[in-house]
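What follows is a set of notes on a single structure, which appears directly below.
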Amino acid sequence: MTATLLDGKALAARVRAQARETLAELGVRAGLAVVLVGDDPASRVYVRNKVRACEETGICSELHAFPADAGENEVLERVLALNRDARIHGILVQLPLPAGIDSERVLAAVSPHKDVDGFHVENLGALVAGRAKFVPCTPAGVLRLLQHGNVRIAGRHAVVIGRSTIVGKPAALLLLQRDATVTICHSKTPDLAAHARQADILVAAVGRAKLVTADMVKPGACVIDVGMNRLPDGSLAGDVDFASVKEVAGWITPVPGGVGPMTVAMLMENTVAAARESG
Ligand code: NAP
(Lines give C-alpha, C1' and ligand atoms only; values in the text may rest on other atoms or scores of the structure.)
Protein backbone atom coordinates (compact mmCIF):
# COMPACT_ATOMS: atom_id res chain seq x y z
CA MET A 1 0.00 0.00 0.00
CA THR A 2 1.25 3.50 -0.76
CA ALA A 3 -0.22 6.28 1.32
CA THR A 4 -1.93 9.36 -0.07
CA LEU A 5 0.33 12.36 0.42
CA LEU A 6 -1.14 15.26 2.40
CA ASP A 7 0.60 18.12 0.61
CA GLY A 8 1.09 20.95 3.10
CA LYS A 9 2.94 23.15 0.65
CA ALA A 10 0.06 23.23 -1.82
CA LEU A 11 -2.59 23.66 0.87
CA ALA A 12 -0.57 26.43 2.55
CA ALA A 13 -0.48 28.36 -0.75
CA ARG A 14 -4.29 28.12 -0.91
CA VAL A 15 -4.68 29.28 2.70
CA ARG A 16 -2.38 32.26 2.04
CA ALA A 17 -4.29 33.14 -1.15
CA GLN A 18 -7.59 33.01 0.77
CA ALA A 19 -6.12 35.21 3.53
CA ARG A 20 -4.97 37.68 0.89
CA GLU A 21 -8.46 37.79 -0.64
CA THR A 22 -10.05 38.31 2.77
CA LEU A 23 -7.72 41.23 3.43
CA ALA A 24 -8.60 42.78 0.07
CA GLU A 25 -12.33 42.37 0.75
CA LEU A 26 -11.99 43.91 4.20
CA GLY A 27 -9.90 46.75 2.80
CA VAL A 28 -7.74 46.79 5.91
CA ARG A 29 -3.98 46.92 6.35
CA ALA A 30 -2.81 44.08 8.57
CA GLY A 31 0.43 44.37 10.55
CA LEU A 32 2.49 41.58 12.14
CA ALA A 33 5.42 42.29 14.47
CA VAL A 34 8.01 39.56 14.88
CA VAL A 35 10.22 39.75 17.96
CA LEU A 36 13.50 37.88 17.56
CA VAL A 37 16.13 37.73 20.30
CA GLY A 38 19.60 36.33 19.62
CA ASP A 39 21.04 34.64 16.56
CA ASP A 40 19.80 31.05 16.69
CA PRO A 41 20.20 29.94 13.04
CA ALA A 42 16.97 27.87 12.99
CA SER A 43 14.99 30.79 14.43
CA ARG A 44 16.41 33.10 11.76
CA VAL A 45 15.21 30.70 9.03
CA TYR A 46 11.72 30.46 10.58
CA VAL A 47 11.48 34.24 10.89
CA ARG A 48 12.61 34.70 7.28
CA ASN A 49 9.90 32.27 6.13
CA LYS A 50 7.26 34.12 8.11
CA VAL A 51 8.33 37.52 6.76
CA ARG A 52 8.24 36.12 3.22
CA ALA A 53 4.77 34.64 3.78
CA CYS A 54 3.60 38.07 4.99
CA GLU A 55 4.80 39.63 1.73
CA GLU A 56 2.92 36.98 -0.29
CA THR A 57 -0.24 37.49 1.77
CA GLY A 58 -0.18 41.30 1.73
CA ILE A 59 0.51 41.62 5.47
CA CYS A 60 2.96 44.33 6.58
CA SER A 61 5.59 42.69 8.75
CA GLU A 62 8.06 44.36 11.10
CA LEU A 63 11.09 42.58 12.48
CA HIS A 64 12.12 43.64 16.01
CA ALA A 65 15.52 42.00 16.42
CA PHE A 66 17.53 42.09 19.66
CA PRO A 67 21.04 40.83 20.37
CA ALA A 68 21.42 37.60 22.39
CA ASP A 69 22.47 39.57 25.46
CA ALA A 70 19.40 41.83 25.46
CA GLY A 71 17.76 42.22 28.85
CA GLU A 72 14.34 40.84 29.66
CA ASN A 73 12.98 44.31 30.48
CA GLU A 74 14.10 45.69 27.13
CA VAL A 75 12.18 42.91 25.34
CA LEU A 76 9.15 43.31 27.63
CA GLU A 77 9.04 47.05 27.00
CA ARG A 78 9.04 46.48 23.25
CA VAL A 79 6.20 43.97 23.51
CA LEU A 80 4.17 46.44 25.60
CA ALA A 81 4.82 49.20 23.05
CA LEU A 82 3.65 46.86 20.25
CA ASN A 83 0.49 46.12 22.26
CA ARG A 84 -0.29 49.86 22.10
CA ASP A 85 0.64 50.27 18.42
CA ALA A 86 -2.58 50.46 16.37
CA ARG A 87 -0.72 49.52 13.16
CA ILE A 88 0.17 46.16 14.65
CA HIS A 89 -2.53 43.48 14.82
CA GLY A 90 -0.39 40.43 15.58
CA ILE A 91 2.70 39.98 17.76
CA LEU A 92 4.87 36.91 17.47
CA VAL A 93 7.73 36.19 19.85
CA GLN A 94 10.05 33.71 18.17
CA LEU A 95 10.94 30.87 20.54
CA PRO A 96 13.21 29.77 22.04
CA LEU A 97 14.33 32.94 23.81
CA PRO A 98 17.93 32.95 25.11
CA ALA A 99 18.59 31.64 28.62
CA GLY A 100 18.18 34.52 31.04
CA ILE A 101 14.91 35.67 29.51
CA ASP A 102 11.78 34.18 31.06
CA SER A 103 9.71 33.08 28.04
CA GLU A 104 6.55 32.75 30.10
CA ARG A 105 6.79 36.37 31.27
CA VAL A 106 7.34 37.63 27.74
CA LEU A 107 4.50 35.55 26.29
CA ALA A 108 2.20 36.70 29.10
CA ALA A 109 2.98 40.32 28.19
CA VAL A 110 1.60 39.96 24.65
CA SER A 111 -1.97 41.26 24.47
CA PRO A 112 -4.32 38.26 24.09
CA HIS A 113 -5.99 40.23 21.25
CA LYS A 114 -2.69 40.30 19.32
CA ASP A 115 -1.52 36.83 20.31
CA VAL A 116 -1.60 35.32 16.81
CA ASP A 117 0.56 32.37 17.95
CA GLY A 118 -2.11 31.44 20.51
CA PHE A 119 0.47 30.92 23.29
CA HIS A 120 -0.99 33.34 25.87
CA VAL A 121 -2.57 31.44 28.78
CA GLU A 122 -5.85 33.26 28.13
CA ASN A 123 -5.99 31.87 24.60
CA LEU A 124 -4.81 28.43 25.71
CA GLY A 125 -7.54 28.43 28.37
CA ALA A 126 -10.13 29.45 25.77
CA LEU A 127 -8.97 26.51 23.65
CA VAL A 128 -9.52 24.13 26.58
CA ALA A 129 -12.99 25.62 27.05
CA GLY A 130 -13.78 25.11 23.36
CA ARG A 131 -13.97 28.87 22.67
CA ALA A 132 -10.59 29.46 21.07
CA LYS A 133 -9.95 32.71 19.25
CA PHE A 134 -6.32 32.12 18.28
CA VAL A 135 -5.38 28.44 18.01
CA PRO A 136 -1.61 27.72 18.05
CA CYS A 137 -0.54 27.62 14.42
CA THR A 138 1.07 24.17 14.19
CA PRO A 139 -1.86 22.18 15.64
CA ALA A 140 -4.27 24.37 13.65
CA GLY A 141 -2.29 23.40 10.54
CA VAL A 142 -2.47 19.71 11.48
CA LEU A 143 -6.24 19.93 11.75
CA ARG A 144 -6.58 21.77 8.44
CA LEU A 145 -4.50 19.11 6.69
CA LEU A 146 -6.79 16.37 8.06
CA GLN A 147 -9.92 18.26 7.05
CA HIS A 148 -8.61 19.05 3.58
CA GLY A 149 -7.62 15.38 3.09
CA ASN A 150 -11.17 14.30 4.12
CA VAL A 151 -9.71 12.21 6.93
CA ARG A 152 -12.57 11.24 9.24
CA ILE A 153 -11.89 12.37 12.82
CA ALA A 154 -15.15 11.78 14.72
CA GLY A 155 -15.25 8.41 16.40
CA ARG A 156 -11.66 7.56 15.43
CA HIS A 157 -8.81 6.88 17.79
CA ALA A 158 -6.15 9.60 17.60
CA VAL A 159 -2.78 9.08 19.25
CA VAL A 160 -0.63 12.17 19.74
CA ILE A 161 3.03 11.56 20.59
CA GLY A 162 4.32 14.63 22.45
CA ARG A 163 2.65 16.83 25.06
CA SER A 164 4.20 20.26 24.61
CA THR A 165 2.00 23.29 25.20
CA ILE A 166 2.56 24.58 21.68
CA VAL A 167 2.01 21.37 19.69
CA GLY A 168 1.05 18.10 21.41
CA LYS A 169 -1.52 19.29 23.95
CA PRO A 170 -3.40 21.69 21.67
CA ALA A 171 -3.38 19.10 18.84
CA ALA A 172 -4.95 16.57 21.23
CA LEU A 173 -7.58 19.12 22.32
CA LEU A 174 -8.51 19.99 18.75
CA LEU A 175 -8.94 16.30 17.89
CA LEU A 176 -10.99 15.74 21.05
CA GLN A 177 -13.22 18.69 20.15
CA ARG A 178 -13.89 16.97 16.84
CA ASP A 179 -14.98 13.83 18.66
CA ALA A 180 -11.90 11.68 18.31
CA THR A 181 -10.94 9.43 21.22
CA VAL A 182 -7.52 10.76 22.09
CA THR A 183 -4.46 9.20 23.69
CA ILE A 184 -1.46 11.40 24.50
CA CYS A 185 1.95 9.71 24.73
CA HIS A 186 5.19 11.21 26.04
CA SER A 187 8.68 10.27 27.12
CA LYS A 188 7.43 8.33 30.17
CA THR A 189 4.89 6.26 28.21
CA PRO A 190 5.78 2.56 28.39
CA ASP A 191 5.45 0.66 25.11
CA LEU A 192 4.91 3.59 22.78
CA ALA A 193 4.66 1.24 19.80
CA ALA A 194 1.62 -0.57 21.25
CA HIS A 195 -0.21 2.76 21.69
CA ALA A 196 0.80 4.00 18.26
CA ARG A 197 -0.50 0.83 16.60
CA GLN A 198 -3.98 1.60 18.00
CA ALA A 199 -4.13 4.89 16.12
CA ASP A 200 -6.43 5.68 13.22
CA ILE A 201 -4.77 9.11 13.29
CA LEU A 202 -1.18 9.25 14.53
CA VAL A 203 0.39 12.66 15.20
CA ALA A 204 4.13 12.64 15.93
CA ALA A 205 5.38 15.82 17.65
CA VAL A 206 8.51 14.69 19.44
CA GLY A 207 11.75 15.93 17.88
CA ARG A 208 13.40 12.50 17.34
CA ALA A 209 14.27 11.65 13.76
CA LYS A 210 12.52 8.54 12.42
CA LEU A 211 11.09 7.55 15.82
CA VAL A 212 7.91 6.23 14.19
CA THR A 213 8.63 3.14 12.12
CA ALA A 214 6.33 1.06 9.92
CA ASP A 215 5.77 -1.60 12.59
CA MET A 216 4.22 1.13 14.83
CA VAL A 217 1.54 2.06 12.31
CA LYS A 218 -1.87 0.45 11.81
CA PRO A 219 -2.43 -0.32 8.11
CA GLY A 220 -4.46 2.51 6.55
CA ALA A 221 -3.87 4.98 9.41
CA CYS A 222 -3.32 8.69 8.82
CA VAL A 223 0.18 9.71 9.94
CA ILE A 224 0.93 13.39 10.57
CA ASP A 225 4.60 14.21 11.07
CA VAL A 226 5.19 17.45 12.96
CA GLY A 227 8.86 16.75 13.71
CA MET A 228 11.64 18.85 12.21
CA ASN A 229 15.03 17.35 12.95
CA ARG A 230 18.28 18.49 11.42
CA LEU A 231 20.46 15.47 10.56
CA PRO A 232 24.29 15.57 10.76
CA ASP A 233 24.44 15.89 6.94
CA GLY A 234 22.33 19.07 7.18
CA SER A 235 19.15 17.54 5.74
CA LEU A 236 15.77 17.80 7.44
CA ALA A 237 13.96 14.70 8.75
CA GLY A 238 10.62 14.28 10.47
CA ASP A 239 9.76 12.07 13.45
CA VAL A 240 8.41 9.46 11.04
CA ASP A 241 10.43 7.07 8.90
CA PHE A 242 8.69 8.26 5.74
CA ALA A 243 10.07 5.64 3.35
CA SER A 244 8.77 2.64 5.30
CA VAL A 245 5.64 4.19 6.86
CA LYS A 246 4.24 5.36 3.52
CA GLU A 247 3.93 1.71 2.53
CA VAL A 248 1.63 1.00 5.49
CA ALA A 249 -0.28 4.25 6.15
CA GLY A 250 -3.39 5.45 4.34
CA TRP A 251 -2.30 9.11 4.44
CA ILE A 252 1.03 10.70 5.33
CA THR A 253 2.59 14.18 5.48
CA PRO A 254 6.08 14.72 4.07
CA VAL A 255 8.92 16.58 5.79
CA PRO A 256 9.64 19.11 4.46
CA GLY A 257 6.42 20.19 2.74
CA GLY A 258 3.83 18.97 5.26
CA VAL A 259 3.06 20.60 8.59
CA GLY A 260 5.86 23.22 8.36
CA PRO A 261 4.32 25.37 5.59
CA MET A 262 0.87 24.96 7.18
CA THR A 263 2.18 26.45 10.44
CA VAL A 264 3.21 29.63 8.61
CA ALA A 265 -0.06 29.74 6.64
CA MET A 266 -2.14 29.48 9.82
CA LEU A 267 -0.12 32.37 11.26
CA MET A 268 -1.20 34.44 8.24
CA GLU A 269 -4.82 33.40 8.80
CA ASN A 270 -4.66 34.32 12.50
CA THR A 271 -3.12 37.70 11.67
CA VAL A 272 -5.88 38.47 9.17
CA ALA A 273 -8.45 37.46 11.81
CA ALA A 274 -6.80 39.81 14.32
CA ALA A 275 -6.86 42.67 11.80
CA ARG A 276 -10.52 41.99 11.02
CA GLU A 277 -11.42 42.08 14.72
CA SER A 278 -9.66 45.36 15.30
CA GLY A 279 -11.26 47.06 12.30
P1 NAP B 1 9.13 19.57 22.90
O2 NAP B 1 8.59 20.74 23.65
O3 NAP B 1 10.56 19.18 23.06
O4 NAP B 1 8.21 18.32 23.24
C5 NAP B 1 8.55 17.03 22.81
C6 NAP B 1 7.58 16.04 23.38
O7 NAP B 1 7.97 14.74 22.93
C8 NAP B 1 7.55 16.01 24.90
O9 NAP B 1 6.22 15.93 25.37
C10 NAP B 1 8.33 14.74 25.24
O11 NAP B 1 7.87 14.08 26.41
C12 NAP B 1 8.01 13.87 24.05
N13 NAP B 1 9.04 12.85 23.85
C14 NAP B 1 10.39 13.00 23.82
N15 NAP B 1 10.98 11.84 23.58
C16 NAP B 1 10.02 10.91 23.47
C17 NAP B 1 10.02 9.52 23.23
N18 NAP B 1 11.15 8.84 23.04
N19 NAP B 1 8.83 8.89 23.17
C20 NAP B 1 7.67 9.56 23.34
N21 NAP B 1 7.61 10.89 23.55
C22 NAP B 1 8.77 11.56 23.63
O23 NAP B 1 8.94 19.76 21.33
P24 NAP B 1 7.80 20.55 20.50
O25 NAP B 1 8.04 22.02 20.57
O26 NAP B 1 6.46 20.01 20.82
O27 NAP B 1 8.21 20.08 19.03
C28 NAP B 1 8.17 18.72 18.65
C29 NAP B 1 8.78 18.57 17.27
O30 NAP B 1 7.99 19.32 16.36
C31 NAP B 1 10.21 19.13 17.12
O32 NAP B 1 10.88 18.35 16.16
C33 NAP B 1 9.99 20.52 16.56
O34 NAP B 1 11.09 20.98 15.80
C35 NAP B 1 8.81 20.27 15.68
N36 NAP B 1 7.98 21.45 15.41
C37 NAP B 1 7.61 21.61 14.14
C38 NAP B 1 6.81 22.68 13.82
C39 NAP B 1 6.37 22.83 12.41
O40 NAP B 1 5.94 23.90 12.03
N41 NAP B 1 6.46 21.76 11.61
C42 NAP B 1 6.39 23.59 14.79
C43 NAP B 1 6.76 23.35 16.12
C44 NAP B 1 7.57 22.27 16.42
P45 NAP B 1 8.00 14.76 27.89
O46 NAP B 1 6.90 15.77 27.96
O47 NAP B 1 7.78 13.59 28.80
O48 NAP B 1 9.36 15.36 27.97
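Keep in mind it's a predicted model, so treat the numbers as computed, not measured.
- Residue R29 places its CZ atom among more than 12 non-hydrogen atoms of other residues, nucleotides or ligands, all under 6.0 Å distant.
- Between R87 and D85 there is a salt bridge, since at least one side-chain N of the basic residue sits less than 4.0 Å from a carboxylate O of the acidic one.
- Side-chain contact between L5 and F242: present, with at least one pair of heavy atoms (C-beta onward) separated by less than 4.5 Å.
- Side chain of R78 to backbone of V35: no donor-acceptor contact under 3.5 angstrom is found.
- In this structure, CG in N229 is found 8.5 Å from CZ in R208, a value given to the nearest 0.5 Å.
- Two different hydrophobic clusters hold V159 and I184 under the rule that ILVMFWY side chains link at heavy-atom gaps under 4.5 Å.
- Side-chain atoms of D117 do not come within 3.5 Å of backbone N or O of L92 as any donor-acceptor pair.
- Between V47 and L63 there is a side-chain heavy-atom pair separated by less than 4.5 Å.
- Nearest approach of V264 to A53, heavy atoms of both residues: CG1-CB, 3.4 Å.
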Derivation of the side chain to side chain contact (heavy atoms under 4.5 Å, CB included) call for M268 and C54: CA-CA 7 Å; M268 300 299 109; C54 282; 3.7 Å; yes

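- F119 contributes atom CZ, which lies 8.0 Å from atom CG of L124 (distance to the nearest 0.5 angstrom).
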Audit row: D225, I252, side chain to side chain contact (heavy atoms under 4.5 Å, CB included) steps and yes/no: CA-CA 8 Å; D225 191 352; I252 193 167; 6.0 Å; no

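- Under the 4.5 Å side-chain heavy-atom criterion for Ile, Leu, Val, Met, Phe, Trp and Tyr, L211 and V167 are members of distinct hydrophobic clusters.
- For the pair P139/L175, no side-chain contact is recorded, criterion being any heavy-atom separation below 4.5 Å from C-beta on.
- In terms of heavy-atom proximity, D239 sits nearest to A209 at OD1-N, 4.4 Å.
- If you take CD1 on I153 and CG on D200, they are separated by 11.5 Å, rounding to the nearest 0.5 Å.
- Annotation: the span from H195 atom NE2 to T183 atom OG1 amounts to 7.0 Å, rounded to 0.5 Å.
- No path of Ile, Leu, Val, Met, Phe, Trp and Tyr side chains, each step under 4.5 Å between heavy atoms, connects V160 with V206, placing them in separate hydrophobic clusters.
- Considering only heavy atoms from C-beta on, I224 stays 4.5 Å or farther from L202 through its side chain.
- Salt bridge absent: E269 and R16 never bring a charged side-chain N and a carboxylate O closer than 4.0 Å.
- Considering only heavy atoms from C-beta on, L32 stays 4.5 Å or farther from C60 through its side chain.
- Using a distance-only test at 3.5 Å, with no hydrogens or angles considered, no donor-acceptor pair links the side chain of S235 to the main chain of L231.
- Comment: E72 engages R105 in a salt bridge, judged by a side-chain N to carboxylate O separation of less than 4.0 angstrom.
- In the hydrophobic clustering of ILVMFWY residues, with side-chain heavy atoms under 4.5 Å counting as a link, V121 and L97 come out apart.
- For the pair L82/E62, a side-chain contact is recorded, criterion being any heavy-atom separation below 4.5 Å from C-beta on.
- Counting only distance, with no hydrogens or angles, the side chain of R178 and the backbone of L174 share a donor-acceptor pair below 3.5 Å.
- At least one donor-acceptor pair closer than 3.5 Å links the side chain of R20 to the backbone N or O of E56.
- Interatomic distance, Q94 CD to K50 NZ, rounded to the nearest 0.5 Å: 3.5 Å.
- Here the shortest heavy-atom pairing between L192 and C185 reads CD1-CB, 3.6 Å.
- N270 places a side-chain N or O within donor-acceptor distance of the main-chain N or O of V116, the cut-off being under 3.5 Å.
- Residues D40 and P96 come closest through the heavy atom pair OD2-CD, 4.5 Å.
- Contact detail for V212 and A204: the closest heavy-atom pair is CG2-CB, 4.0 Å.
- Contact check for L6 versus H148: no side-chain heavy atoms found under the 4.5 Å cut-off.
- The main-chain N or O of V259 is found under 3.5 Å from a side-chain atom of T263 such that the two form a donor-acceptor pair.
- Taking CG from D241 and NZ from K246, the interatomic distance works out to 10.0 Å, rounded to the nearest 0.5 Å.
- For the pair K9 (side chain) and G257 (backbone), a donor-acceptor distance under 3.5 Å is absent.
- Looking at every heavy atom in both residues, N123 comes nearest to P112 through ND2-O, 3.2 Å.
- Remark: side-chain polar atoms of H89 are not paired, donor with acceptor, to backbone N or O of A274 under 3.5 angstrom.
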Trace of the side chain to side chain contact (heavy atoms under 4.5 Å, CB included) decision for K133 with H113: CA-CA 9 Å; K133 190 165 66 175; H113 302 288; 3.2 Å; yes

Worked check of side chain to side chain contact (heavy atoms under 4.5 Å, CB included) between D39 and R44: CA-CA 7 Å; D39 40 26; R44 287 202 169 273; 3.8 Å; yes

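- With hydrophobic clusters built from ILVMFWY side chains whose heavy atoms lie under 4.5 angstrom apart, V106 shares a cluster with F66.
- For the residue pair K218 / H157, no side-chain donor-acceptor distance below 3.5 Å is found, with atom types taken as modelled.
- The side-chain heavy atoms of F134 and L127, taken from C-beta on, include no pair separated by under 4.5 Å.
- Few gaps surround CD on Q147; more than 12 heavy atoms of other groups in view lie less than 6.0 Å from it.
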